[in-house]
Amino acid sequence: MSEQDVARTGKKRRQSPLGAGTPMCAGCGGLQALHQIYDLVGDKTVFVNAAGCMTLLSIYPFTPFPGSWLYTAMACAPAGAQGVRDALDVLLSKGRIRPEQDQLPVVLTGDGSAYGMGLSATSAAIDRGLDFLYICYDNEGYGNTGHQYSAATPTGARTATSRVDGYSGVKKDLFTIWSAHRPAYVATAIGTEPADLARKVKVALSLRGPRLLLVLAPCPTGWGFEPARMVEIGKLAVRTGIWPLKEYSDGIVRHTMVPSKRVAVEDYLHLQGRFRHLFVPVRNDDKLAALQLQVDDYWSHID
Ligand SMILES: Cc1ncc(C[n+]2csc(CCOP(=O)(O)OP(=O)(O)O)c2C)c(N)n1
Ligand code: SF4
Ligand SMILES: [Mg+2]
């Protein structure tokens, strides 16, 4: 509801911590997922955010979250979460806050921090067994600065820094990197599969120690599609098998949604401007087959 609508109708604006008025793109898959996660995580949280699109959710001294918000440099959000945890522990030990007033440090970063700049600080925090939740919304590029490639960019995607044939690297496997540290919990998720996401948030909240929710964030602005197609694209990411939904705990990896008949990868690619060069002016059959093979190869190792 716009300012004019509020003045004209006298109706109140819908009250949601992440509601209307957030300065984010329409159809943002990251924001959609964060809405759902926040509904379950609640306000006894201290968000520790590294620079990225979601930083726009907090403009000093205001934040839409009833809890607290701490902004850090890209490389050090998990170190910030350690400071928050330590401070809360001191307050608890001195009786300055009661146990029921304790809060959960929640790191919130994009893939640029999670897969790259902040990975060292993350690894160290997991090694220390820090009791925190890490939410990474993965829009597969440095979105906030114009969508340059990151270590999460998929092969072949055009970005601001990989223009002609698209990104020549391979998307880093952050799920496995986290799991190799043997933390309490690691899960991939997406906002367009809300039941799967909600269950994983609840599992994460029931545990202590380092926990990661790695959420694919379809990004109309960086990926080049109409905001209205965000849900369709998110669902195709799962149905093609490009974004496997899975979780890790106690040394075991489980797939939580296995597509019964996988849709062709190109059905997902051709909806996005970042892959348009694979279809026009000339269809690149070799590259499309190679991208399909990457996905087939992954699933050939899953029972
Ligand atoms: C060390 C450092 N380098 C560069 C920047 C500029 N910068 C701000 S946000 C951003 C993009 C972050 O990408 P990502 O973590 O994927 O989040 P997104 O913007 O996609 O939400 C960059 C490069 C910075 N803040 N700090
Ligand atoms: S650039 Fe992408 S991730 Fe960032 S706010 Fe816009 S849609 Fe969301
Ligand atoms: Mg990003």
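Atoms within each ligand, like the ligands themselves, are counted from 1 in listed order. Sequential numbering from 1 along the given sequence is applied to the chain's residues.
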Legend entry - Neighbouring protein N, O or S atoms of atom 6 (Fe) of ligand 2, below 2.8 Å: 1
Legend entry - H277 side-chain N/O to V282 backbone N/O, donor-acceptor pair under 3.5 Å: no
Inset, instruction - For a side chain to side chain donor-acceptor pair (under 3.5 Å) with D131, tell me which candidate from R85, Q82, R211 qualifies. - result: R211
Inset, instruction - Could you tell me whether K44 and E100 make a salt bridge, using a distance below 4.0 angstrom between a side-chain N and a carboxylate O? - result: no
Legend entry - Within 6.0 angstrom of Q101 CD, more than 12 heavy atoms from elsewhere: yes
Legend entry - Nearest-0.5 Å distance that lies between atom OH in Y248 and atom CH2 in W178: 11.5 Å
Inset, instruction - Please check if the side chain of T240 supplies one atom and the backbone of L236 the other of a donor-acceptor pair under 3.5 Å. - result: yes
Inset, instruction - Mind checking how many protein N/O/S atoms fall short of 2.8 Å from the Mg ion (ligand 3)? - result: 3
Inset, instruction - Could you go through the side chain to side chain donor-acceptor pair (under 3.5 Å) check for T256 and K200 one step at a time? - result: CA-CA 10 Å; T256 57; K200 287 167 175 169; 2.9 Å; yes
Side-chain polar contacts of residues 215-222 - donor-acceptor pairs under 3.5 angstrom, sequence neighbours left out - could you list them?
none

Inset, instruction - Measure the spacing between NE2 of H147 and OG of S162 and express it to the nearest 0.5 Å. - result: 9.0 Å
Legend entry - Residue pair T55 / A51: nearest heavy atoms and the distance that separates them: OG1-CA, 3.4 Å
Legend entry - Flag, side chain of K171 to backbone of A152, donor-acceptor distance under 3.5 Å: yes
Legend entry - Flag for Y142-T161: side-chain donor and acceptor within less than 3.5 Å: no
Give a table of atom pairs where an N or O of ligand 1 lies under 3.5 Å from a protein N or O.
| residue | atom | partner | partner atom | Å |
| --- | --- | --- | --- | --- |
| ligand 1 | 15 (O) | G112 | N | 3.0 |
| ligand 1 | 15 (O) | S113 | N | 3.3 |
| ligand 1 | 16 (O) | D111 | N | 3.3 |
| ligand 1 | 16 (O) | D111 | OD1 | 3.2 |
| ligand 1 | 16 (O) | G112 | N | 2.8 |
| ligand 1 | 16 (O) | G141 | O | 3.0 |
| ligand 1 | 19 (O) | C53 | N | 3.3 |
| ligand 1 | 19 (O) | G143 | N | 3.3 |
| ligand 1 | 19 (O) | N144 | N | 2.7 |
| ligand 1 | 20 (O) | N139 | OD1 | 3.0 |
| ligand 1 | 20 (O) | N139 | ND2 | 2.9 |
| ligand 1 | 20 (O) | G141 | O | 3.0 |
| ligand 1 | 20 (O) | G143 | N | 2.8 |
| ligand 1 | 21 (O) | C53 | N | 2.8 |
| ligand 1 | 21 (O) | Y137 | OH | 2.7 |

Inset, instruction - Report the distance from atom CD of Q103 to atom CG of L92, rounding to the nearest 0.5 Å. - result: 10.0 Å
